[in-house]
Amino acid sequence: MNRLELPENDWRRVSPKLVVVELLGGMIFLLVVLAAGIALYLLHVWWAATAFGVVAIIAIVNLALTRRRVRAIGYRLREDDLLFRRGIMWQRFVAVPYGRMQLVDINRGPIARGLGLSELKFVTAAAAAGVTIPGLPEAEAEELRDHLVSVAESRRAGL
Amino acid sequence: MSEARPTEPVATSVPETVARLTDGEWHRLHPASPLLKGGIALIAILGIVIANLRERLIALFLPHYGEQGDPVNYIIDNGYVLQALLIVGGLLLLFIAGFYVSWRMHSFRITDEVVEVRSGILFRTNRKARLDRIQGINIVRPFIARLFGAAKLEISQAGHDANVQLSYLASGATDDLRREILRRASGTRAREAAAVSGTTPAQNVLDRRVDEFLAPELDPAAAAPESVVKIHLGRLVGSIVFSGSTVFALLLVAGAIVWISTTGEYYALIFVLPSIIGFGSYYVRRFTKSLRYTIAGTPDGVRVGFGLLSTSNETLPPGRIHSVEVSQPLLWRPADWWQIRVNRASRTSSRGAENQANTTIMPVGNRADVTKVLELMLPDFIGPEAVAFIESGLVSKGADGFTNSPSRAAWLRPLSWRRNGFRIVPGSLVLRKGAIWRRLIIVPQPRLQSVAVKQGPLLRLMRLAAVELHTVAGPIRADLGAIDQDAAIVFFGEVARVAVRASHSDTTHRWRSGEAPE
């Protein structure tokens, strides 16, 4: 296999319930796209209908891969940094030293809140890092946040 | 303020004006500040409005006044002198009172820990900045302010428009004031003597202005080292003429000529002429702003100055440069010229050459200049080894200390795969890329925010990967594509390790705290 793999391999995974959230969100998106596409088809705007059709097909493929995509999300709390991974086709690994933390956000969307899930966002001075861990059970998210804040405090660095 | 912080006695050798400004009490700005900050513009606009609407205004206030004769005569003849004088005098008083109150309400103080500014008449603002978080101190002297002997001191902090502006201060004191603020920020324990000016300032006000105007950008009494890079006029002109925008301008002109000669219609000129004028003003602006460019190392960081009529001169303390890029536009290649840009945590509102934020540290220079500037900015880069290393980073075709792309990456980087690579050196992470637009990106290890490794389907097919080094936002993106997958994983692990270690041992927020007290 050519896949990227780090030497260590004990990832903490996110809740499988995230699949439900992603599926629901994806289906709503798909329905909107389909409705628009059908409307355009009935109005005989062929090129726009085709474009929406293509988007719908991509959305369906995306839906089919949801379970695997959610399983690919993981994070590890190492001694001095947070390691985060996501993606199957487009794999991405990020390592952020705890001391670089500027703030931690916890967000809950409407569907995720219904299932008791939260999303934790680790913000540094660099905009490109993009460490956002979705699908954490509420208690775990809050515990993780408190942990991150405390380790960031003890390893604080400047900018 | 209720909290009166007992300030330590300041060393006697600090010039008296500065000692007074930094005693921790509230002070006011230069009395001409309201005028310089738009007062003059306001009066000029008023003048223009009155001049243009003269007839209307007369008709409005003097309905019985006919079309004939001079309004002043009319006023005198009809005995309205008193009213007219009252109105004019009242307006003047109102303006002066407004300026005076805004000046009175704008005050600042500098203690050992913070610099604080409060301003505003109806809407008060109070801004407080910690000295150890200073990202740079900029002294700007706009042309008109220089005539008044005033200068603007901008203390930049991380973030968008997070500057503390002291506009305006007496020009002569700003250099010393900056040195004193930096000394306090540096955390030096030794209350060492700041060099006192040996020259006696001219007594006459006019002479003093002339002195200040002619004085070099860098105060010679500040024991400032010579600028390490000198841009000759020819090189500056050449660098601007042979920039990418010239190519664009030439293409535009050529296109217009072809268009006009083939169709015989002159409509194209309507589109082309304004853009030619635009290019012209861009060249002039870039030229005047890069004139008298200086860069020098001081104990408190790198100082970069430029400008002929309006000057700007900024000191960047150590550890405030988040990444450095040495690059070469295609047309500069025969002359072997390079430019250096940096990423910084602060965005200043004052603009540098080329109207960008002050991120261009060296507008143009040859390879020796690049080496000198990099030595200033990255203290770990010293000695012949570093010189050789920078040389190889800039022009090498590969096969040196860098870990380069494997040959199978030639499909993705047909020209540059031999030199497309990375290297970890003490204190820094270095990325090298591009064969046509050659670039060398250096990220100081203690400034790295995070690191990522990525792989898309195409790269996976070829067992390649891409890495990104994340720093604060700026013109430079430190990323590198198409390197060997296993090398990328090793690099990722190693960088994550050194980033943690470097940020632990980093003391640049109090950059001189390690020095022994005298």
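Bear in mind that the values here come from a model prediction, so they are computed numbers and not experimental data. A, B, ... follow the sequence lines: proteins, then strands. Residue 1 opens every chain.
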Notebook entry, point to check: Which bit of Glu5(A) is near chain B, if near means a heavy-atom gap under 4.5 Å: side chain, backbone, both or neither?
Noted result: backbone
Margin query: Just so I understand: if I count every heavy-atom pair under 4.5 Å between each of Leu6(A), Thr124(A), Asp81(A), Leu4(A) and chain B, which residue has the most?
Written below: Leu4(A)
Notebook entry, point to check: Would Glu314(B) and Arg344(B) satisfy salt bridge (charged side-chain N to carboxylate O under 4.0 Å, His left out), going step by step from the backbone distance to the final call?
Noted result: CA-CA 13 Å; Glu314(B) 179 156 38; Arg344(B) 304 175 40 189; 3.1 Å; yes
Next item on the list: Give a yes or no on whether a salt bridge exists between Glu116(B) and Arg127(B), defined as a side-chain N under 4.0 angstrom from a carboxylate O.
Entry: no
Next item on the list: Among Gly493(B), Ser503(B), Ala496(B), Pro457(B), single out the residue with the greatest number of heavy-atom pairs under 4.5 Å to chain A.
Entry: Pro457(B)
Notebook entry, point to check: Of all the residues in residues 82-94 of chain A, which have a heavy atom that comes within less than 4.5 Å of a heavy atom in chain B?
Noted result: Leu83(A), Ile88(A), Met89(A), Trp90(A), Gln91(A), Arg92(A), Phe93(A), Val94(A)
Note to self: Looking at Gln445(B) and Val425(B), would you say the former's side chain and the latter's main chain have a donor-acceptor pair under 3.5 Å?
What the structure shows: yes
Margin query: Just to be sure I understand the criterion: a residue of residues 96-114 of chain A counts if one of its heavy atoms is under 4.5 Å from a heavy atom of chain B. Which ones qualify?
Written below: Val96(A), Pro97(A), Arg100(A)
Note to self: Do Asn163(B) and Ser156(B) pair up side chain to side chain, a donor and an acceptor below 3.5 Å, judged on atom types alone?
What the structure shows: no
Check: Just by distance, do the side chain of Asn138(B) and the backbone of Ile155(B) share a donor-acceptor pair under 3.5 Å?
Finding: no
Check: So, Asp80(A) and Arg155(A), do they make that salt bridge, N to O below 4.0 Å?
Finding: yes
Checklist line | Top of Ala158(B), Pro446(B), Ser450(B), Gly319(B) for chain A proximity - count of heavy-atom pairs under 4.5 angstrom | finding: Ser450(B)
Next item on the list: Measure Arg497(B) against the heavy atoms of chain A and call it side chain, backbone, both or neither at under 4.5 Å.
Entry: neither
Item checked: Residues Arg178(B) and Asp300(B) bridged, charged N to O under 4.0 Å -> no
Next item on the list: List the steps, then state whether side-chain hydrogen bond (donor to acceptor under 3.5 Å, both in side chains) holds for Gln135(B) with Gln157(B).
Entry: CA-CA 5 Å; Gln135(B) 297 290 324; Gln157(B) 302 272 349; over 6 Å; no
Note to self: Between His322(B), Lys454(B), Arg320(B), who has the most heavy-atom pairs with chain A when the cutoff is under 4.5 Å?
What the structure shows: Lys454(B)
Next item on the list: Go through Asn343(B), Val500(B), Val453(B), Leu448(B) and name the one with the most non-hydrogen pairs under 4.5 angstrom from chain A.
Entry: Val453(B)
Notebook entry, point to check: When Leu120(A) is tested against each of Val14(A), Leu148(A), Thr132(A), Val131(A) for side chain to side chain contact (heavy atoms under 4.5 Å, CB included), which residue passes?
Noted result: Leu148(A)
Next item on the list: Show the numbers, then the answer: is there a salt bridge (charged side-chain N to carboxylate O under 4.0 Å, His left out) between Glu113(B) and Arg130(B)?
Entry: CA-CA 6 Å; Glu113(B) 293 295 325; Arg130(B) 285 168 53 95; 5.2 Å; no
Check: Is the shortest distance from a Lys or Arg side-chain nitrogen in Arg69(A) or Glu22(A) to a carboxylate oxygen in the other one below 4.0 Å?
Finding: yes
Notebook entry, point to check: Any salt bridge between Arg463(B) and Asp484(B), counting N to O under 4.0 Å?
Noted result: no
Notebook entry, point to check: Side chain, backbone, both or neither: which part of Leu461(B) has a non-hydrogen atom closer than 4.5 Å to chain A?
Noted result: backbone
Next item on the list: Might you confirm whether atom CZ of Arg78(A) has over 12 heavy atoms from other residues, nucleotides or ligands at distances under 6.0 Å?
Entry: yes
